[in-house]
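Each remark here refers to the structure printed beneath this line.
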Amino acid sequence: MRLTRSLVPTLREEPADAEALSHKLMLRAGLVRQLAAGIYVWLPLGQRVLDKVNHIIREEMNAIGGQEITMPVLHPAEIWQESGRWNAIGGEMFRLKDRNDREMCLGMTHEEVIAWLAAREIRSYRDLPQIWYQIQTKERDEARPRSGVLRTREFLMKDSYTLDPDEAALDRSYAAHEQAYRRIFDRCGLRYHVVESDVGMMGGFGAHEFMAPSAAGEDEIAMCDGCGYAANVELARGVPAPPEFPAWTREDVPTPNVRTIAEVSALLKIDPRLTIKSLLYIAPKAGPVLALVRGDHDLHERKLARAIGEEMRTAHPDEVRQHLGAPVGSVGPIDARVTVLADEHLQSGTYVVGANREGHHVRGVVPGRDFQARFVDLHTVTAGEACTTCGTALRVERVIEIGNIFKLGTKFSVPMRAMYLDETGKERPIVMGSYGIGPARIAASAIEQLADADGIVWPWSIAPFPVHIVLVSLRDQAQVAAAQEIYAACAARGLDALLDDRDERPGVKFKDADLLGMPVRVTVGNALAKEGVVEVRDRRTRQDQRVPKDGVVAAVEALRPPRNPAGSRS
RNA sequence: CGGGGUGUGGCGCAGCCUGGUAGCGCACCUGCUUUGGGAGCAGGGGGCCGGAGGUUCAAAUCCUCUCACCCCGACCA
């Protein structure tokens, strides 16, 4: 591709409304442009990256027996009503009506279509197992699109679905996907971790996420270097170090004008770990629920939601007063006439809690003796807590979710009547799995993980072009001819090259080459006339070699990493 | 949905407080010089100042409403 005839609008300055590194670089390198919040145009170079990623995905999906299909983006409401998600999903689904006033929606995911298709086409155990996948646009009206292409309202997703006769077969399909995903992310040159993840409110038999470490990520994972335990913090458990408990006797202490844990512990001159934080939530069915965590801990709301079995919201200040008889800063579990859930690590010890009387706390409170509660895991794990299985200190890392795998079970096949007849002629529901990968997130993660101060550093496997030829001076006919020759020689060997044939100053071309981040830069310049050589530079290491122009292809190929460049795994 | 911020040529910004000819850098066009890390000089083109109302002799500037975008949080099947 010749730069003079291409749409590669690089930007010298940082766009004002980009925050994440990958977002800035994708805009500056001319990979994407934003049409509206969370809606992007993919420009030629960005499109080539997606194409490369998708090609890898197709190879690995096909290798485990995946069959590519294409499902509609526009869905009739009926299938979503049958599965029960039409009402279960809120504002995140784009809904519309056709000209005949029929309700429709835009597909956020395709379990319903798969179940619909399976219900019609799968009849016998002989038809199973199946793996169906597509690479298709998804539409989700995200509450807050952010970080460039990392969270958008319209995005490409590779989604696959497995159909199996039973759970043992599902386990095999699931394992095959996990292996395929590892190969895909390895080939894309990413560092990633595979972690246990929340199955969500829809239930399911297990789920894992593939997480690429990056400061731009929206998720956090906890990892144990001792035994390999790794989980999303939505799920991760850890054992916090207990404080030293003083020999308190239970007594009321006045705490005027004190609202926060920090204020309580400062006033009483105690370690915040000796306090209990009491938070009131309101759940639709369960009603008011008081959640307790140690003073220095954060409650993880998803853990609480899992514990009570439904989504809840924080109580308003007047609701707190109504249910507990005290303002927010003075509430606690003693004599509270609401359901009390306490973090499991509060089962022992003696604490300071709110007295449910304005301006008062109680010191020397022993959970189990002074109040009753259901003890469950509620606190958000923090770095340094001990691993529950081996005791090693946990690490917590910020990550981008690049893929997930999910054992659905019969959540969709039962309501949508996707059944088959087993060997004995008995009708059974198909056991499903669902598996996603975000190609745009792979691209952004690669940028996040590999970029340097000068710009993007693409892994070979997903670079828009492996070779970037910089033609330094258009006035030197020998340079022009040599650049053309090298360009043609690369093409002849299947190496796509980007040729910078613009009439720009060398500095501009070098800066753009660094920004665009192709793995190899070939500079055709002065050295050609003087010494008959061109320079072949590795973008990542910045190592230069001077080679005769006939040796460029060999030099480029020597720089190419072996087929499966190792990404780090866990 | 709650909180905060920003909207002024393609990009990045100043001007707004204290109303009075719409500016700067980069990019773009022309010419000359220059040509290995974002060139220099000279000349030039391009902006309903997000939108709608209002106040005023006069509004980018003040007031009201509204829209868009960004950030933090909530949500994320």
Side-chain angles (χ1 to χ4, degrees), chain A residues 9-20 23-24 27-28 30 33-39 80 83-93 105 107-112 138-148 150-153 155 157 159 197-204 207 209 216 218-219 232 234 281 298-302 304-305 311-314 316 401 404 406 408 411-412 432 434 436 438 453-455 470-476 479 500 502-515 521 523-530 534-535 537 542 544 546:
Chain A
T10 57
L11 301 174
R12 183 197 294 244
E13 294 190 72
E14 285 197 347
D17 39 333
E19 192 86 1
H23 189 194
K24 289 177 186 167
L27 290 168
R28 287 193 56 211
R33 285 294 183 261
Q34 180 174 314
L35 175 63
I39 305 179
W80 289 81
S83 74
R85 290 162 109 185
W86 180 260
N87 292 321
I89 296 174
E92 204 181 347
M93 180 149 59
C105 66
M108 308 175 41
T109 174
H110 284 78
E111 282 84 3
E112 277 79 1
K138 298 284 188 271
E139 308 282 350
R140 296 181 187 178
D141 194 359
E142 288 289 347
R144 185 151 97 82
R146 68 185 101 177
S147 306
L150 285 177
R151 179 167 290 273
T152 55
R153 296 195 290 171
F155 60 99
M157 178 164 149
D159 47 322
S197 69
D198 186 17
V199 294
M201 282 294 140
M202 287 296 290
E209 289 165 331
E218 300 180 87
D219 287 294
N232 193 309
E234 294 175 352
Y281 283 84
D298 287 325
L299 173 78
H300 200 295
E301 293 190 350
R302 291 209 66 74
L304 178 60
E311 291 292 345
M312 70 293 147
R313 60 170 175 83
T314 53
H316 304 303
E401 181 187 350
N404 61 60
F406 196 101
L408 283 175
K411 294 278 170 197
F412 293 89
M432 290 175 55
S434 115
D454 292 315
V470 173
L471 167 51
V472 173
S473 175
L474 291 172
R475 281 161 193 68
D476 181 341
Q479 284 184 32
D500 191 347
R502 296 174 301 170
D503 187 12
E504 285 287 354
R505 297 173 63 81
V508 173
K509 298 188 175 198
F510 292 139
K511 287 288 185 187
D512 272 350
D514 287 344
L515 175 62
R521 184 180 91 194
T523 305
V524 182
N526 289 338
L528 183 73
K530 290 193 200 132
V534 300
E535 288 150 23
R537 171 184 279 227
R542 301 169 192 252
D544 263 324
R546 298 156 78 78

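Naming: A, B, ... by sequence-line order, numbering from 1 per chain.
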Nucleotide forming a Watson-Crick or wobble pair with B/A68, both distances under 3.5 Å: B/U6
Taking donor-acceptor contacts at under 3.5 Å, does the side chain of A/Glu535 reach the base of B/G36? yes
Looking only at side-chain atoms of A/Arg505, point me to the closest of B/G36, B/U35, B/G38. B/U35
Answer for the Watson-Crick or wobble partner of B/C28, both distances under 3.5 Å, is B/G44
Name the nucleic acid region contacted by A/Thr523, choosing base, sugar-phosphate or nothing; use a 4.0 angstrom heavy-atom cut-off, strictly under. base
Run through A/Arg505, A/Arg502, A/Arg521 and flag the one making a salt bridge (Lys or Arg N to Asp or Glu O under 4.0 Å) with A/Asp512. A/Arg502
For atom P, what is the distance between B/C28 and B/C71, given to the nearest Å? 29 Å
Choose from B/A74, B/G36, B/A77 the nucleotide whose nearest atom is closest to any side-chain atom of A/Glu301. B/A74
Distance criterion of 3.5 Å, no angle test: do you see the side chain of A/Arg28 paired donor-to-acceptor with the base of B/G38? yes
What distance, rounded to whole Å, do you find between the two P atoms, one in B/G9 and one in B/G44? 22 Å
More 5' along RNA chain B: A/Ser473 or A/Val508, using each one's nearest nucleotide? A/Ser473
What I'd like to find out is whether the side chain of A/Phe412 reaches to under 4.5 Å of the side chain of A/Arg85, using heavy atoms alone. yes
For B/G54 versus B/C72, give the span between their C1' atoms, rounded off to a whole number of Å. 35 Å
Would you call A/Glu311 and A/Glu301 a side-chain contact if the rule is heavy atoms closer than 4.5 Å? no
Within this structure, what is the CG-to-C1' distance between A/Leu474 and B/U34, rounded to whole angstrom? 15 Å
Any side-chain heavy-atom pair of A/Ser197 and A/Glu401 under 4.5 Å: no
Considering only heavy side-chain atoms of A/Thr109, the closest of B/G37, B/A77, B/A74 is B/A77
Gap in Å between the two C1' atoms, one belonging to B/C11 and one to B/U6, rounded: 16 Å
B/G3 to B/U18 separation - P atoms, rounded to the nearest Å: 27 Å
Might you list the N or O atoms of the protein lying below 3.5 Å from N or O atoms in nucleotides 69-71 of chain B, with each pair's distance?
from, atom 1, to, atom 2, distance (Å)
B/C69, OP1, A/Ala37, N, 3.0
B/C69, O3', A/Gln34, NE2, 3.2
B/C69, O2', A/Asp17, OD2, 3.3
B/C70, OP1, A/Gln34, OE1, 3.4
B/C70, OP1, A/Gln34, NE2, 3.2

With A/Arg12, which residues qualify under salt bridge (Lys or Arg N to Asp or Glu O under 4.0 Å), at least two apart? none
Tell me whether the side-chain N or O atoms of A/Arg521 pair up with the base of B/G37 as donor and acceptor below 3.5 Å, since no angle test is needed here. yes
Would you measure the distance from the P atom in B/G50 across to the matching atom in B/A68 and give it in whole Å? 16 Å
At less than 3.5 Å, do the side-chain atoms of A/Glu13 and the base atoms of B/G38 form a donor-acceptor pair? no
Between A/Gly90 and A/Pro506, which has a closest nucleotide on RNA chain B that is more 5'? A/Pro506
Touch class at under 4.0 angstrom, heavy-atom based, for A/Glu111 against every strand present: nothing
Among B/A77, B/G38, B/G12, the one nearest A/Pro15 by side-chain distance: B/G12
Could you tell me whether A/Lys509 and A/Glu504 have a side-chain N and a carboxylate O separated by less than 4.0 Å? no
How long is the line joining CZ of A/Arg302 and P of B/G73, in whole Å? 16 Å
For B/G5 versus B/C65, give the span between their P atoms, rounded off to a whole number of Å. 16 Å
Find the distance between CZ (A/Phe406) and CE (A/Met432) and round it off to the nearest 0.5 Å. 11.0 Å
Considering every strand and a 4.0 Å limit on heavy-atom distances, what is the contact class for A/Arg546: base, sugar-phosphate, or nothing? nothing
Side chain of A/Phe510, heavy atoms from C-beta onward: which of B/C28, B/G36, B/G38 has the nearest atom to it? B/G36
Looking only at atom P, what distance separates B/C49 and B/G7, rounded to whole Å? 15 Å
